[in-house]
Amino acid sequence: MEHKAVATSAAAHPAAMKRLAIEREVISAMQKPGLLYWALVGLFATGFAVFLLGAWGIQIAKGIGLGGQLNPVGWGIYIVNFVFWVGIAHSGTLISAVLFLFRSKFRASFNRAAEAMTVIAVMCAGMYPLIHLGRVWYAFWLFPYPNQRLLWTNFKSPLEWDVFAISTYLTISVVFFYVGLIPDFAIVKRYTRGVSRHIYSVLSLGWVGSKRQWRNYNMLYALLAGLATPLVLSVHSVVSWDFAMGIVPGWHTTIFAPYFVAGAIFSGCAMVLTLCIPMRKIQRLENVMPIEHFEKLAKTMLFTSMIVGYAYTIEFLLAYYSGNVYEFGIFKDRATGYYKFQYWGMVFCNMIVPLPLFIKKLRRNLKWLFVTSIFVNIGMWLERFVIIITSLAHEYVPYAWGTYQPRGVEISIMIGTFCFFFMMFLLFAKFLPVVAITEKKEEVQ
Amino acid sequence: MIKRIVDSAVFGYFALMMVLILLLGFRWHTHRKAPVQPIAFSHATHAGKLNLQCLFCHDTADKSYYAGVPSVQKCMSCHQAVKTEMPEIQKLTKYWNDKEPVPWERVHRIRIRNHVYFSHKRHIAAGADCEHCHGALRAMTQVRQVKSMKMGFCVSCHEANHAPTDCLICHM
Amino acid sequence: MDRREFLGLLGLASGASLLAGCDLTRKTEKLIPYLVPPEDGVLPGEATFVATSCTECPAQCGMTARIRDGRPVKVDGLPKHPINDGALCVRGQSSLSRLYSVDRIRQPMVKDAGGNLVPATWADALKRSADALRAGRENVLLSGRTTGSLSALMSDFATRTGVRREPEFELFSYAAVRAANRAIFGADVVPLLHPDRADVVITVGADVVETFGNPVQFSTLLSKRRGSHGRNTWFHVEPHASMTGFQADHRFVVRPGSEAYLLAYLLQGLSGKVGLPGGVAAQIASVPAVSAQQAEEKTGLTTSQIDELRHALLVAESPLLVAGSVSTAQESGLDTARLAALIQSACGMHGKTLDFAQAQDYSRVGTMADVERLMGQLDAGTVGALILFDTDPVAQLPMGDKFGASIDKAAFAIGVSDMLTPTMERCDVVLPLSHTLESWGDAEPASGVVNAIQPAIAPLFDTRSNGDVLLSLMIELGAAAAGTTYQQYVYDRWTRDLGAGAGAAMLKQGWGTGPAKAAGGSAGAAGHTFTFAQSTAPSGQVLVIAPSVRWYDGRSAVLPLLQEVPDPLSAVTWDSWVSVGMETCKAMGIEESSVVELRGEGWSVPLTVRPQPGLAKDVFVVQRGAANPAVGWARSGGEANAVVAITAAATGRKERLSEVSGSLYQEGRGIVPGTHPEHFNGDHSGHGEPKHEEVSFYPLPKYPNYRWAMAVDLDKCIGCNACVAACYVENNIPMVGREQHLRGREMAWIRLEQYYEKDGSAGHFVPTMCQHCDFAPCEPVCPVYATYHNDEGLNAQVYNRCVGTRYCGNNCPYKQRRFNYFSYEHRPYPMNLMTNPDVSMRGKGMMEKCTMCVQRIRKARDVAKDEKRTIREGDLTTACAQACPGKAIVFGNLLDENSEVHKWAHDSRSNRILEELGTSPGVYYLSDNHVKGNGSHGA
Amino acid sequence: MDFLSQHIIAPSGQHLKLLEFLAIVVYTIHLPYVGLVIGSTAVAMWLTFSDHEIPNPRFARLAEDLLRTFLGSRFQMLVLGVLPLLALPFLYGIWFDGVPYAPITYIMLPVPGILIGYVLLWLYRSSFVGRKNSFNRHMGLGTLALMVMMGSYFVLLSSVVRLQDPEKWYRLKNLVILLLNWNVIYKFLFFVHAAFAITGVGILFFLFRWSDRPTTGDPDYAAFVRKFGAGLALAFTFALPVFNLLYVFTSPDVVFDSTVYLIAVANVFVCMLVAFMMLATLRSPGPRFTSLAFVSILGVFILSSVFDVRAMANANREHATLLEQAAEKERLEREAGIDQAIAAASGANLGEETFNKVCMQCHRFNEKLVGPPLAQRLPSYNLESLKAFIANPTKKSPDYPPMPNPGLSAVQIDAVSKYVLENYKTGGAPAAGGAATGTAPAPGAADTTQTQPGVQH
């Protein structure tokens, strides 16, 4: 019945016709999932259960020592992954919030996917600080709450800042994500029947699209965007301070905050591409995700890649210039020492690989973009590895130097998080409109 | 049909609640109930009625960090003559004759994992009252743990009496 | 009440007081009271001390055991003891873990039909042995070195039961040295060395701070001439690289087997000296002439070096020269020893820097010749029952397996030991020994000094003290009245030798002065033909089997603690390795952790390589106990051969060594105080006052009463690791084993960082622990205040508040924080008895580190409060400071103007490690006097 | 509350039991009524509001009925609402004689608040009729009344609940600390939900069973009321066990013994009964077991108050025993006083009695028991030194255990010292007599009376 109503109204105006087309396209991407889809979801779900939950359980029972951490290197790839995922999360907020404030059009194609990615990635990131704790069953001590012990937490500690940064970030991005979805839920509702219809209608909070609702909605959305934007800078700066606040040579530098933020956006864009390019293909969203928008994304990536590259070089310069034996020692070791492969791998992936994007043809070539994005993801992971591990491995006292290799449980948990990430994203892709329908419609004149 | 489902659901819910409370209660019941001692020794009689001083039996409380359980010999020093006809005292005499120590049940146990050091000596030297922590022993026929002995309990008393609250004072 | 019974009761009561305060080691429900309260002065939960003697090695220092809850939880040197003066070496500190070792024999054992040892009763075991002894053929008793009453009892045993007592077996028998002393000074002893009286010390091969003579005594005396007392010059001549060598001011590396040439050359320089004893002059004359360049090319030293040495010896007021260890344990060893003795006599060291009156009595100890003779008899089958009394030749002898085979030839072998050593495995009956801390007895560390040995705990297992074992054998044989106890025997002997009532005094003081042996006069005995000119010194690749500071002659390698504590030179913990010089490594194309095959005639052993700076080319060093190649023994001297020609071949295999050092060099960082670039302004003196505080933005820490601080005098530190072992025992530090060491997770709270110069010219040993910084980087980063700074300057760690983020560990520039990666709380019986109840066992997932022995501070405060005063200097010291044989560590209150630590901290040599970071550490290091500023910061 | 403690003589065991019983009674009378009042007011306000938004005669009518029925007369308010309150301080004042009074102080605090609350309620009720033209005033009054009542009862309940946690008393420096406590909060939530539940059941009971039935003769209004009441009751009865559980969970461990948690279980059980009754009522055409339901819901209140009182008693078990001992002691002292009077008058044998009662446990005159024979020791004592020794014994000889402090009053010490000092020479003949026949007037007694003045002057 609604169908007909829409149809007739559409028949009247061609613009309405276009809008309807968009609507249909996005909705059709949500039609009944096939067997393959469920198989994939199941696969990832089991992966999550076995690799992450299972391994973590064993680690809690046996002790953190199952990992590869040792005396100089107290933080293994758990923290690497933590920073990596927080980084991924960033572009979500960037694309949706910042670009929204800048009124840049191309965001509409990605923002939904990006936001979803943000939420999921923050979840992944949030797990790691817990996983890496020696006594996770006392993790609640990290939160300041009145207790019979009359104890308080140490607000001087960067880790404490982290607790707040991450939780804030999760809250904001979830709210932002959901608010963005409300009108679309209302649309999706119209196309569904039975129980799911009920669910969607509840989720849409009785959205009817009246003028008043739209006015309030836009106001709220703008406000949230305004709230979220500073987080893009603040959260990852705080994360970078986890390291910059330490006196570990290789960590203790002022360029970390901007350097990390740029890196975060860089990796975030890469991950968006990695996710959206296949999605576009599979769910046939060619019209709602035009190639130009991918190109714009590629440009952002190229730009940030160069910022990061600059940071890499300047670090060396500073270390050399400082004449500080510890500082320069660590950088020499990065380039030539035990971890040189990781280091040069990082340089290759993050500095060299993106360079061809200067060529317009390649920017517009989705296959090329996809490969590049994969490389960048790997490169950014390596960057975190290099920053965290190598610095700790070669600190002040030579007697206490050591080498770290990740061990079974750590790898397994890492795989587990990726399973979790893809599982969640698959669910998102089928059960929520992957593109902001209403905004797309607005584009139509 | 619906009716039956609803009824059983309601019943299930309440039943669950009852079971939970029972479990809770049971847990606490076992947790803090006064343990059954091998000899029904009454503090009410000795500390209360006879008004024996705590240090009379727990004689190392003011000398060592350990309050000291009175030696069987000490019990016998009086009970070789006093109330020898009572069955409980005869139990005691039996232990003494078998040259076995009395296996008292612990009442106040500081839990294993909490890495604290507590010195009875220092607290008595500071003029702390035994019963402030151990409850009104003069009134207990069967000793039980009255105070939680949690950290908050210690800290607030330390603060109240301007005792040091540096972690290392107790923790190690 | 008899003491044993009392101890029994204490043992029983231990349960009680353990639970009483706060039992952190064991959960338990029962509250066990005393049956009868112990005698006055013993309070449950308060420590008592028992004075006894250490028997981990033949030096037998005076030892005191701290008893908590009826079990010894810590051993330390006996204060004011004439030999070791309150210090104890790494072996002594670890000897407690022998008492509580899980490998101890727990009851008598006898061989069953199948030929494997099975548990048995004492009655059975004794009966079998007695029957064997009665069997008629000649019975032989072979024991390790014994002194005092035990030795006397053994002679009684021999005479009464007709058992022939063989010369005692010690791998380090000092045979050559003794022979020389017998010849030159007419005393078959190892004299006490007096570095404190010497202005020039020359040690040829003798590892005087590791195993030679009494290393603890040497270090203690040496420290009198170190640090701020000015310093004597010390030359060390050795073919290999030893810890002792790196302690000396000048370390001369000579070609193996060429020491004799050097000494002979030196001796010639002395021949002009007037007033030499006649005999000596004659002897000197008989020494084959050695020209300067002959000496040079043989020894491989430079002219300047030799001249420096010669000059030093000539001008010295009262020199001290001693040769021994690897230098005498070789073919030309006897010559070396004799030459050394001649020089000693010529320079008149006798009675001045060499004290023969207070010497170690080795007269009953045989040489390798005796061992071989015994093997001959055994093989001939003339021996009936062979009693192997607390000795382990099979494991220690170079030809151990051959000896083992000979044991089997004996009709019956009776083993007496505390652990199931290879020797014991070949015995038909094994009688378990109690540990010294469970026994009565005495020991004679040096003539004239007698240590009491008294039980600190009732025997853990069904074992008997060494004396009681002998007595029970005698009783079984009817050679002694039933019911005689060793305790009584010892008492009587004391009363006889030391006068009536001496027993009580002994037990109280722990030692007594016995009848001193007559100091051997200068005998200048008959001539001796020096053969070193003819004897062929090994050339090409040479293997040096050096004594181990951790394992002595290998006997202590069974103690897990001594495996966990790293070797001071190589930082290797749980593995066997061969040290190889850098040049050799380059030449052979091998490196760290590659396996080489060492081949001699008739034997070959694969070992993992550990590069060792300062080691000469083609010299390979293996420590006793790490490997035992069948290298035979030096005919001339009669000591087990320590220097042999070998051929080494790289196998190409690689095996990771469990070692705890990240780098052997400072990598240009000037960690070692006095070698930091900042301090290279001509003089290498530090600056007493902390620098950064004046310019700090942060409020300076306020310390109302105390600022606990520590000062380490690197000039006195000899790098022996005793502090490490002491810390392990005092603070219940878990022994995590090889696996975890390979993963870099050692738990030591204090460690001995060794840094070599790239050219191997010098080695520095820096004991480092948590520096308790005023501005500790670990503190602000902990999210839950598990670590914080208390108002006594301690960097506190609250274990049960720790959630295990490990950020503090990351942020500690000194890397002194240790994380419990697994749960190490639960130790197997009887190891769990070793836990010190004053210190809690840290649980899984907690960070831990040096607490500056906060439990001792707490105890001291307790006492002080009772006396209504503040803690005074001398009320307490930390375990490491207490153990240090060099007296190199002091601990105390920095705010107290006249405290030792305050004086040291404001000494001109005082530095603090990584001070430029602004951490303002609470541990001060007094730089080593002989560290020259120039370029010794490696790289 | 200190002024109380001056007028209090230590209560004996039975006395305390009585006090506990009284407390239960008070709660049983008071709390259900308060519950009804608060609940009905809230419901009435909601109904009025909805009626005001979208006019709905049923709502208006029900609201009116509620107000008329439940807020009742001033007399009700006074008897059920106020008087019981005033009893509480006295009950607890006696019970907790000689302990830090923190919680009890707070018990007094809400009383004025509650009084104001009733006044407001009264105003609210009377303004119901004229609500059409002064709606805001009407609702405002209601809201204010509710807030005041709720607040006051929050304080009251929390202070009563806190009586179960003596360990924390000296920490209760101010109201905030008193109120910021999970145990307290759950208790209050439990109470509120119980209030609405009883209101629900009450609607059924009072509008269908109670004297004048407003529901008669209007079937669909009756149906509406039935559904409304039953629904309300059902909903809140469901919530009750949850808060019960949380309350039990957060109570300090000391309060527990088997009875206490069985009571908690019983409480849930009763809730279940009510729930099923309400279900039945919803399903059936007409109201069913309304009175039974009302009685059971009362049971909920009774049980929970029994729980609290038992818990309080458990937590302060030792304190009670101390009080009993104090009472005992007072009694003894009174008697001692009498004895002394008699002694002063006719020189009776307080000394001898005390000796027989206390000292004879360990001492005889000339045989060795736990303590040494007095005949052998006493020559070394004079009256003063003996008194000093008895007042504060110290270890004298190695062969005997140290003498514990017998804890006698000065009078007794004086008497018993005189007694033994005079009698041990005579081989304790009277002592033997005393030992045999407690208070038989000993032959020596006369002499002692004569000698006594001699001793004094």
Side-chain angles (χ1 to χ4, degrees), chain A residues 60 62-75 79 129 132-142 149 151-163 242-243 245-249 251 324-326 329 388 391-404 407, chain C residues 571 660-671 677 740 743-746 751 753-755 766 768 777 779-786 788 800-823 843-847 913-914 917 919 938-939:
Chain A
I60 291 173
K62 283 263 164 43
I64 204 80
L66 292 180
Q69 300 92 335
L70 62 157
N71 276 342
V73 187
W75 286 351
I79 300 300
H132 104 291
L133 280 188
R135 307 205 300 163
V136 65
W137 49 94
Y138 288 127
F140 59 93
W141 283 349
L142 292 166
R149 287 178 237 90
L151 291 176
W152 207 236
T153 55
N154 179 2
F155 290 105
K156 277 183 285 179
S157 165
L159 297 185
E160 194 61 28
W161 307 345
D162 248 12
V163 173
D242 282 353
F243 309 101
M245 289 293 153
I247 63 169
V248 179
W251 284 8
N324 178 329
V325 58
Y326 313 113
I388 295 169
S391 314
L392 288 172
H394 262 59
E395 268 194 57
Y396 296 90
V397 179
Y399 186 92
W401 287 353
T403 53
Y404 161 91
R407 296 176 65 87
Chain C
V660 294
S661 141
S663 164
L664 290 168
Y665 311 107
Q666 297 192 57
E667 313 282 353
R669 282 150 191 241
I671 299 299
Q740 295 303 310
R743 293 225 215 139
R745 291 169 182 173
E746 70 278 2
R751 66 179 180 228
E753 300 182 3
Q754 65 280 86
Y755 294 113
V766 189
T768 61
E779 285 159 10
V781 297
C782 175
V784 293
Y785 281 124
Y788 73 101
N800 49 342
R801 178 65 172 168
C802 177
V803 294
T805 66
R806 301 190 292 290
Y807 198 165
C808 52
N810 291 346
N811 215 34
C812 172
Y814 309 90
K815 285 280 162 285
Q816 291 295 353
R817 291 181 154 264
R818 299 281 175 266
F819 186 71
N820 287 273
Y821 284 98
F822 294 106
S823 175
K844 174 177 67 184
M846 293 174 184
M847 192 60 79
I913 298 181
L914 293 179
L917 295 180
T919 52

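Labels below follow one simple rule: chain letters A, B, ... track the order of the sequence lines, proteins then strands, and each chain is numbered from 1. Fair warning: this is a prediction, and the values are worked out from it, not measured in the lab.
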Novice: Tell me, side chain or backbone of C:Q816 under 4.5 Å from chain A's heavy atoms, or both, or neither?
Specialist: neither

Novice: Apply side chain to side chain contact (heavy atoms under 4.5 Å, CB included) to residues A:Y138 and C:V784 and explain how you reach the verdict.
Specialist: CA-CA 11 Å; A:Y138 288 127; C:V784 293; over 6 Å; no

Novice: Are the side chains of A:V397 and C:L914 in touch, meaning some heavy atoms are under 4.5 Å apart?
Specialist: yes

Novice: Between the side chain of C:K815 and the main-chain N/O of A:W401, is any donor-acceptor distance below 3.5 Å?
Specialist: no

Novice: Which answer fits C:P777, side chain, backbone, both or neither, if we ask what part of it has an atom under 4.5 Å from a heavy atom of chain A?
Specialist: side chain

Novice: Go through the steps for C:Y785 and A:L151 under the test side chain to side chain contact (heavy atoms under 4.5 Å, CB included), then give the verdict.
Specialist: CA-CA 9 Å; C:Y785 281 124; A:L151 291 176; over 6 Å; no

Novice: So what's closer than 4.5 Å to chain A heavy atoms on C:V660: side chain, backbone, both or neither?
Specialist: both

Novice: Examine whether an atom of A:W251 lies under 4.5 Å from a heavy atom of chain C, and if so say whether it belongs to the side chain, the backbone or both; otherwise answer neither.
Specialist: side chain

Novice: So which part of C:R751 gets closer than 4.5 Å to some heavy atom of chain A, the side chain, the backbone, both or neither?
Specialist: side chain

Novice: Where does A:F140 contact chain C at under 4.5 Å (heavy atoms): side chain, backbone, both or neither?
Specialist: neither

Novice: Kindly determine whether A:L133 and C:T805 satisfy side chain to side chain contact (heavy atoms under 4.5 Å, CB included), including the steps that lead there.
Specialist: CA-CA 5 Å; A:L133 280 188; C:T805 66; 3.5 Å; yes

Novice: Does C:Y821 use its side chain to pair, donor to acceptor, with the backbone of A:L70 at less than 3.5 Å?
Specialist: yes

Novice: Can you say whether the rings of A:Y399 and C:Y755 are parallel (under 30°), tilted (30 to 60°) or perpendicular (over 60°)?
Specialist: perpendicular

Novice: Any chance you could measure C:M847, atom CE, to A:R135, atom CZ, to the nearest 0.5 Å?
Specialist: 12.0 Å

Novice: At a 4.5 Å cut-off on heavy atoms, which part of A:L66 comes close to chain C: side chain, backbone, both, or neither?
Specialist: both

Novice: Below 4.5 Å from any heavy atom of chain A, which atoms of C:Q754 appear? Answer side chain, backbone, both or neither.
Specialist: both

Novice: In terms of heavy-atom proximity below 4.5 Å to chain A, should C:C812 be classed as side chain, backbone, both, or neither?
Specialist: backbone

Novice: Do A:K156 and C:E779 make a side-chain contact, defined as non-hydrogen atoms from C-beta onward lying under 4.5 Å apart?
Specialist: no

Novice: Taking side chain as everything from C-beta outward and backbone as N, CA, C, O, which of these in A:V73 sits under 4.5 Å from a heavy atom of chain C? Side chain, backbone, both or neither.
Specialist: backbone

Novice: Can any side-chain N or O of C:R806 pair as donor or acceptor with the backbone N or O of A:Q69 at less than 3.5 Å?
Specialist: no

Novice: Are the side chain of C:N811 and the backbone N or O of A:I247 linked by a donor-acceptor pair below 3.5 Å?
Specialist: yes

Novice: By a 4.5 Å heavy-atom criterion (distance strictly below it), what part of A:D162 contacts chain C: side chain, backbone, both, or neither?
Specialist: neither

